[in-house]
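As a basis for the values below, the full set of heavy atoms in this structure was taken, side chains included, without hydrogen atoms, waters or symmetry mates.
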Amino acid sequence: SLDKNDKATKFFNKALKATENYKAQAIITAMLGKISFEKSNYEEAEALLKNALSIDKNCCKAWSFYIDLCRAVKNFKEVESVCEEALRYCKDDPYVYSKIGTSYISSGDYEKALGVFKAAKQYAPTNPANSANLALAYAGLGNEKEAMAEFEDAKLLKYARCDETVELI
């Protein structure tokens, strides 16, 4: 009996063989990379994600998964380099900005995180996670007034993890 990752892998491999569309190939290959990452097969995940990006440098899903992989297994300098490259190709993808900002927060660079989260909010102003992330960045910089204002925005936008966010502020 196959588990859900094995079933998904089988499905994605069939889909990959069936399509000639390079954008679809990149997304499918990125999904295969994500599955390998979830199975802790990091070398295979990295190879698949790099392959997805060689197929389509503008595949933001692949960049996002690659950032996750780098955060899990590489030093922050490498993560920062991947994040900067991702921004060159995914300038209007708020999810990529969120991943990058979270990486900056993890490293304690709240100033860079703030800039990235502001950009994410610019592209997706009604996404409550963007307001919550801004609240964390402002809090990290010691700006409680702005942090609470963004937190209130997140609550108004129905951010599901408000209790966790307020504990961090």
List the steps and the verdict of side-chain contact (heavy atoms from CB on, under 4.5 Å) for Tyr97 and Leu87.
-> CA-CA 8 Å; Tyr97 280 98; Leu87 281 179; 3.4 Å; yes
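- Looking only at side-chain heavy atoms (C-beta outward), Glu78 and Cys70 stay at 4.5 Å or farther from each other.
- Note: the hydrophobic cluster containing Leu141 also contains Phe117 (ILVMFWY, side chain heavy atoms under 4.5 Å, direct or indirect links).
- Note that the CD atom of Gln122 and the CG atom of Asp92 stand 10.0 Å from one another [nearest 0.5 Å].
- Ala147 approaches Ala139 most closely through the heavy-atom pair CB-N, 3.7 Å.
- Not a single donor-acceptor pair under 3.5 Å links the side chain of Glu150 to the backbone N or O of Asn133.
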Evaluate the criterion side-chain contact (heavy atoms from CB on, under 4.5 Å) for residue pair Phe65 and Met31; output intermediate values, then yes/no.
-> CA-CA 8 Å; Phe65 296 154; Met31 294 303 295; 3.7 Å; yes
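- Evaluation of the side-chain contact (heavy atoms from CB on, under 4.5 Å) rule for Ser103 yields Ile67, Arg71, Phe76, Val79, Cys83 as partners, not counting sequence neighbours.
- Inter-residue side-chain proximity for Trp63 and Glu85 is flagged as met; some heavy-atom pair is nearer than 4.5 Å.
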Please list, one pair per line, the donor and acceptor atoms closer than 3.5 Å that link side chains of residues 51-60 to other protein atoms, with sequence neighbours excluded.
| from | atom 1 | to | atom 2 | distance (Å) |
| --- | --- | --- | --- | --- |
| Asn51 | OD1 | Ser54 | OG | 3.4 |
| Ser54 | OG | Asn51 | O | 2.7 |
| Asp56 | OD1 | Asn58 | N | 3.0 |

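- Partners of Ala124 according to the side-chain contact (heavy atoms from CB on, under 4.5 Å) rule, which considers only residues two or more places apart in sequence or in another chain, are Pro94, Asn127, Asn130.
- For the pair Lys91 and Tyr123, the tightest heavy-atom approach, listed with the atom from each and the gap, is O-CE1, 2.9 Å.
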N/O donor to acceptor pairs below 3.5 angstrom from side-chain atoms of residues 107-114, sequence neighbours left out:
| from | atom 1 | to | atom 2 | distance (Å) |
| --- | --- | --- | --- | --- |
| Ser107 | OG | Tyr104 | O | 2.9 |
| Asp109 | OD1 | Lys112 | N | 3.2 |
| Lys112 | NZ | Glu80 | OE2 | 2.4 |

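- More than 12 heavy atoms of other residues, nucleotides or ligands sit less than 6.0 Å from atom CD of Glu84.
- Glu46 and Lys50 are joined by a salt bridge, as a carboxylate oxygen and a charged side-chain nitrogen come within less than 4.0 angstrom of each other.
- Between the CG atom in Leu32 and the CG atom in Leu16 there is a gap of 6.5 Å [rounded to 0.5 Å].
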For Glu38 and Lys34, run salt bridge (charged side-chain N to carboxylate O under 4.0 Å, His left out): C-alpha distance rounded to whole Å, both residues' side-chain angles, the deciding distance at 0.1 Å, then the answer.
-> CA-CA 6 Å; Glu38 289 173 353; Lys34 181 180 193 299; 2.5 Å; yes
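- For Ser36, the side-chain contact (heavy atoms from CB on, under 4.5 Å) partners two or more places apart in sequence, or in a different chain, are Asn41, Glu44, Ala45, Leu48.
- Between Asp6 and Lys39, the closest heavy-atom pair is OD1-NZ, 2.9 Å.
- Residues passing the side-chain contact (heavy atoms from CB on, under 4.5 Å) test with Ala8 are Phe12, Ile35, sequence neighbours excluded.
- Ring-plane geometry between Tyr42 and Phe37 is classed as tilted, the angle between the planes lying from 30 to 60 degrees on a 0 to 90 degree scale.
- Under a hydrophobic-cluster definition in which Ile, Leu, Val, Met, Phe, Trp and Tyr are linked whenever side-chain heavy atoms come within less than 4.5 Å, directly or via other members, Tyr22 and Leu49 are assigned to different clusters.
- Residue Asp68 holds its CG atom at 3.0 Å from NZ of Lys99, rounded to the nearest 0.5 Å.
- Annotation for Ile28 and Ala15: closest pair CD1-CB, 3.8 Å, computed over non-hydrogen atoms.
- Within 6.0 Å of NZ on Lys121 lie more than 12 heavy atoms contributed by other residues, nucleotides or ligands.
- The OG atom of Ser131 sits 11.0 Å away from atom CG of Leu136, with the distance rounded to the nearest 0.5 Å.
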